[in-house]
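Letters A, B, ... mirror the listed sequences (proteins, then strands); counts begin at 1. These numbers come from a predicted model, not from an experiment.
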Amino acid sequence: MWSSFPLKNRLLIFLLMLISTILVGSLGYVIIKTYVEHESTSLTNAIFFSIATISTLGHYPRGIELTSDAGKWFTILYLILGMGTIFGGIQALVSPWIEMKIRNAIKERKIPVPKDAHVVLCGWNDIAREVGEYLQMVDIPFVIVAKDAPLNFPGVNGDPGDMDALKLANVERASALIALLDEKKNVVITLTARRLNREMRIIALSEREESKNLLIKSGVDVVISREKLLRSLLDHWIKGDFTHIFSGEIFGDLKIKELSVGKDMAGRSLKELRFRERVGTAIGIYRRGLLITNPKAEEILKEGDIVIFMEGENHADTGIQ
Amino acid sequence: MLILGYNEITKDFHSLIVDKDVPQGDHFLRGDPTDRATLLRAGIEKEDTLIVALEDDEDSIYAVALSRELNPKIKIGAIVKKAENVDKIYAAGADYVILESNVLSREIIRFLLVPRAASFFDRVVLSDELEIIGVDLPKEYEGKRIMDTDIRRRIGTVIAVKRKDKIIKAPSPKLLLQKGDILLFMVERKEINKIREMMGQWIYHRD
């Protein structure tokens, strides 16, 4: 019953009950003192008796206590009633305050978790920070699930391998999930997340190339191998070719983009479409899973093709679609 | 080539690896990679390339500074974990620095936003299927616009032109080619020899 009242009302009810308890006590005291024990008494004595009894003070100054049998029975019953009021009241007043304390300790978050079509970042580290900052810049909603999720981004405090934490992050309706912890944890996260959402894309980080298959079997779509990526960058640098410069300068700034060919473009060649001037330099075409590199200007596009192109300097500021 | 730091990234490079904890073998040297005597024992003075990939960024910075002092001509590539250490390790004398979290986060973003382009990039960087090569501009093309030459038909699309220190990305077909330009192409590995025959020697790639 108590819990259905807000704190302010509870305080009011408690005070009313306290006052009526004291009034009942004082009235009973006066009646028994006057009509049973035939002694004169005062209002002060009556109130003193009531409060001393319900506060379980334990003894009364001389002349105040009830000495008749009826008076003693009244004192006993009144003591039980008074204690009920006091302890019940204190519990009702203190428990919401304790609840509030606990809720504050869990840290209440001001930034809401996105509802759908968002990206779920699992784990909080330098990589998550950089990905988060980028997503914020391009206005893609995301949420971080980590034991120590930061307060300045939307987040859920919890273990990303737990079903409950992932549910709080609305994984059911997310468009992608990125697992940034170690392989063992990433496998658990993926298996858990896949039960909630079959459709979204899952990208997972892996320390070693050999863990790749295990992650894919668990349901990961793209495995990013730290070892392979860093080694290949070093490798290109050692060989002295241009790839390492490119990876920093062009790939790094997302200058390589993709475009899927719809009905409006199908059946026409790159040259006819003036692809180079209007879009960028086509460097590859994915057609039914096969890659055509260095497409000729006369290459005729088919519906469903995906053209990989590089933006030229004059297109550089169009941003990401 | 000399490598400081034995780990997942460096373990398959077939060069001398120096670290405190290395397996037995010909191309391993047990010792502190931040110690002058160890570096000299590894023959740093005679090496042309050095890779620094130690567990701790501070060790890497110190090792780079020390190596630069012992061999002013050596080419140093390094991997660091913290963003703030990139400038420090460049200042210590590194020529090429990879920031781990940066490389990985960019790769993740690519796969998130442009998955096809990312897997394309993957094929270029991570496999040897595709390669970016540089070709010295042949004399007969000097002073011509790209669209007026047969470069695209003979080799492929020019994805960039390196002109002195600048790289002109995705150049316009109207770009006037100049003496000393290096044309960059993205080609399939099996085509490389064909191009080599056609264009004479091509540079910036050594196997």
Side-chain angles (χ1 to χ4, degrees), chain A residues 119 125-127 129-131 134-135 138 176 178 201 203 205 207-208 222 224 226-234 236-247 249-252 254-258 276 280-284 286 291 293-297 306 308 310-314 320, chain B residues 1 8-10 12-13 49 51 53 77 79 81-83 96 98 100-118 120-121 123-126 130-134 152-153 155-157 159-160 162 167-173 184-188 204-207:
Chain A
V119 177
N125 49 32
D126 284 354
I127 303 167
R129 187 194 317 271
E130 286 191 36
V131 173
Y134 189 86
L135 293 178
V138 297
I178 301 171
R201 185 164 31 196
I203 300 172
L205 202 64
E207 282 287 304
R208 282 169 293 271
V222 179
I224 290 170
R226 168 183 172 272
E227 166 214 352
K228 194 173 160 188
L229 195 61
L230 294 173
R231 195 177 49 214
S232 73
L233 279 179
L234 278 180
H236 285 289
W237 175 75
I238 294 162
K239 279 197 232 154
D241 67 25
F242 280 103
T243 313
H244 78 279
I245 303 176
F246 263 61
S247 57
E249 287 203 18
I250 295 179
F251 298 104
L254 289 163
K255 294 273 167 57
I256 292 216
K257 298 187 177 176
E258 59 189 54
R276 186 163 195 146
T281 308
I283 50 179
Y286 274 102
L291 177 66
T293 52
N294 278 315
K296 300 264 176 296
I306 290 173
I308 311 293
M310 246 170 66
E311 281 191 332
E313 300 286 325
N314 45 339
I320 296 123
Chain B
M1 188 171 77
E8 290 291 334
I9 302 158
T10 60
D12 292 330
F13 281 114
T49 308
I51 301 284
I79 299 181
K81 296 189 173 69
K82 282 212 155 67
Y96 176 55
I98 298 171
E100 234 185 87
S101 61
N102 188 262
V103 168
L104 292 170
S105 62
R106 284 176 168 202
E107 182 79 347
I108 288 166
I109 290 164
R110 267 195 293 276
F111 271 102
L112 195 63
L113 302 182
V114 284
R116 299 281 182 158
F120 182 82
F121 166 80
R123 290 168 88 153
V124 179
V125 174
L126 302 186
L130 289 171
E131 206 144 345
I132 296 170
I133 60 159
R152 180 158 182 178
R153 201 165 43 77
I155 306 176
T157 311
I159 58 166
K162 187 174 191 295
I167 288 189
I168 304 163
K169 294 166 215 162
S172 149
L184 304 196
F185 298 92
M186 192 176 295
V187 295
E188 281 180 71
Y204 290 102
H205 185 280
R206 297 170 294 174
D207 268 34

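Looking at I127(A), the atoms closer than 4.5 Å to chain B (heavy atoms on both sides) sit in the backbone and in the side chain alike. Both the backbone and the side chain of R226(A) come within contact range of chain B, each with at least one heavy atom under 4.5 Å from a heavy atom of that chain. With a 4.5 Å cut-off on non-hydrogen atoms, I178(A) touches chain B through its side chain but not through its backbone. Contacts between A282(A) and chain B at a heavy-atom distance below 4.5 Å involve the backbone alone (N, CA, C, O).
Annotation: side chain of T157(B) is not in contact with side chain of M310(A) (no heavy-atom distance under 4.5 Å). Annotation: side chain of L135(A) is in contact with side chain of L112(B) (closest heavy-atom distance under 4.5 Å). Here the side chains of W237(A) and I98(B) are not in contact, with every heavy-atom distance at 4.5 Å or above.
Residues passing the side chain to side chain donor-acceptor pair (under 3.5 Å) test with S105(B) are E130(A), sequence neighbours excluded. Considering only residues two or more places apart in sequence or on other chains, R231(A) meets the side chain to side chain donor-acceptor pair (under 3.5 Å) condition with E227(A), D12(B).
For the residue pair P173(B) and R276(A), the shortest heavy atom distance occurs at CG-CD, 3.4 Å. Nearest heavy-atom pair across E258(A) and P115(B) is OE1-N, 3.4 Å.
Considering CZ of R110(B) and CD1 of I203(A), their distance stands at 11.0 Å, rounded to 0.5 Å. Between L205(A) atom CG and L104(B) atom CG the span is 5.5 Å, to the nearest 0.5 Å.
Taking chain A as the reference chain and counting heavy-atom pairs below 4.5 Å, the highest number among V103(B), T10(B), T49(B) is found for V103(B). Contact tally against chain A (heavy-atom pairs below 4.5 Å) for K82(B), E100(B), K81(B): the top residue is E100(B).
When each of I224(A), V119(A), V222(A) is checked for a side-chain contact (heavy atoms from CB on, under 4.5 Å) with I108(B), only I224(A) meets the rule.
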